[in-house]
Amino acid sequence: MILASSKDMSRPSLLITRRLPAAVLERLRASYEVTVNPDDRPLSRDTLLSALRTYDALSPTITDKLDASLLLSEGLKVRILANFGAGFEHIDLAAAKSANVVVTNTPDALTDATAELTILLILMASRRAGEGERVLRNGKWTGWAPTQLLGMDVKGKTLGLVGFGRIAKEAARRARAALGMRIAYHSRSRASTEEESALEAEHHTTLDSLLAASDVVSLHCPGGAATRHLINSQTLAQMKSTAILINTARGSVVDEDALAMALAQRQIAAAGLDVYEREPAVSAALQELENAVLLPHLGSATLEARTAMGMQMADNLDHFFAGRTPPNRVA
Ligand code: 8YV
């Protein structure tokens, strides 16, 4: 990829590491000297390093690993990493801080899309939708039968949320209003009494107690070292044998091998996953399992959400280059 330096030196230079919706590019081009990665493939480490030395600003995504060795390299020009996405565990915040590089994210823009995808996975997993479609497409459907592909009703069942941030609360609202589910949660900080009572949400002080009480467990905590393999063979053993695990958060939260084992042995009934430990690689064991619904990180993949994410990112850049604190500064 060609790392052109800016032509108009009066405007900040900005590298966008992956292709973004047209409306976002149009807005950014009005204020910045914009370069877009023409291949729309993850940038190599060397290209990322050159970019950090060439541009005033970078707009990275989850596919750019900006670790300490890159961010603490000599001769960086970059002053802001305006991440396109809510999660930012692919950026070493401590290193960014010591390199004097500001980091921002886009926390609000993808709440609806990701909550919708959570509902999709709950229904797909509980009604064996992927499995049913495979039967049909593979020419194996022999016609309706009373005990064929029986799933689980979710009405009246308990949705246990691990983490209770924006996306978890929105998923809870939808699961309650549209599906008639009961809400329970476990998170670092307890929600206000008003929030709990609006959702009739039952707070669990321990993860184990939430896992034991839930028919569907949905993960909404951040990724990173603190939550790595929070769901492992021990915690999976706390879940009901009829339970479903949903992950729209980060792949690192789940020990994929332990999950594949639990699904194969029917220790839990099913899983609906949108994120993986080693994206884009997905464990071969999981791919073999009919009771695993596997989506390719589609959480925020709507035109509305991706456009709103880009606009929120542009707001952060505009604030920064106007000398104001960006609204979504995380470092
Ligand atoms: C994004 C996400 O599309 O924003 C997040 O945290 O997981 C995704 O929906 C992706 O991270 C873009 O960087």
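We number each residue from 1, following the sequence as shown. Numbering of ligands and ligand atoms starts at 1, following listing order. Below, all heavy atoms of this structure are taken into account, side chains as well, without hydrogens, waters or symmetry copies.
Residue F84 places at least one N or O, backbone or side chain, under 3.5 Å from an N or O of ligand 1. Below 3.5 Å of separation, one finds no N or O of N83 facing any N or O of ligand 1. Residue H297 places at least one N or O, backbone or side chain, under 3.5 Å from an N or O of ligand 1. Residue G87 places at least one N or O, backbone or side chain, under 3.5 Å from an N or O of ligand 1.
Nearest non-hydrogen protein atom to atom 10 (C) of ligand 1 is I62 CG2, 3.9 Å. In this structure, the protein non-hydrogen atom closest to atom 4 (O) of ligand 1 is A86 N, 2.7 Å. Regarding atom 3 (O) of ligand 1, its nearest protein heavy-atom neighbour is S300 OG, 2.8 Å. At the top of the distance list for atom 7 (O) of ligand 1, counting protein heavy atoms only, stands R250 NH1, 2.7 Å.
Interface atoms of ligand 1 facing L110, defined by a heavy-atom separation under 4.0 Å, are 4 (O), 5 (C). Shown in contact with R306 at under 4.0 Å from a heavy atom are these atoms of ligand 1, numbered in order with element: 3 (O). Near T61, meaning under 4.0 Å from one of its heavy atoms, ligand 1 places the atoms 13 (O).
Distance check: F84 CZ to L20 CG gives 5.0 Å after rounding to the nearest 0.5 Å.
Looking only at side-chain heavy atoms (C-beta outward), L48 and K65 stay at 4.5 Å or farther from each other.
In summary, the side chains of S69 and D67 do present a donor paired with an acceptor at a separation below 3.5 Å, with no hydrogens or angles considered.
Under the 4.5 Å side-chain heavy-atom criterion for grouping Ile, Leu, Val, Met, Phe, Trp and Tyr, V275 is not connected to V162 through any hydrophobic cluster.
For the pair K77 and Y55, the NZ or CZ position fails the cation-pi test of under 6.0 Å to the six-membered ring centre and within 45 degrees of the ring normal.
Screening R182, R173, R176 against E200 for a salt bridge (charged side-chain N to carboxylate O under 4.0 Å, His left out) leaves a single residue, R176.
Annotation: H203 is in aromatic contact with Y185 [ring centroid separation under 6.0 Å].
By the 4.0 Å heavy-atom criterion, H90 is excluded from the residues contacting ligand 1.
At a threshold of 4.0 Å, the pair E116-R174 counts as salt-bridged, since one of the basic side-chain nitrogens sits closer than that to a carboxylate oxygen.
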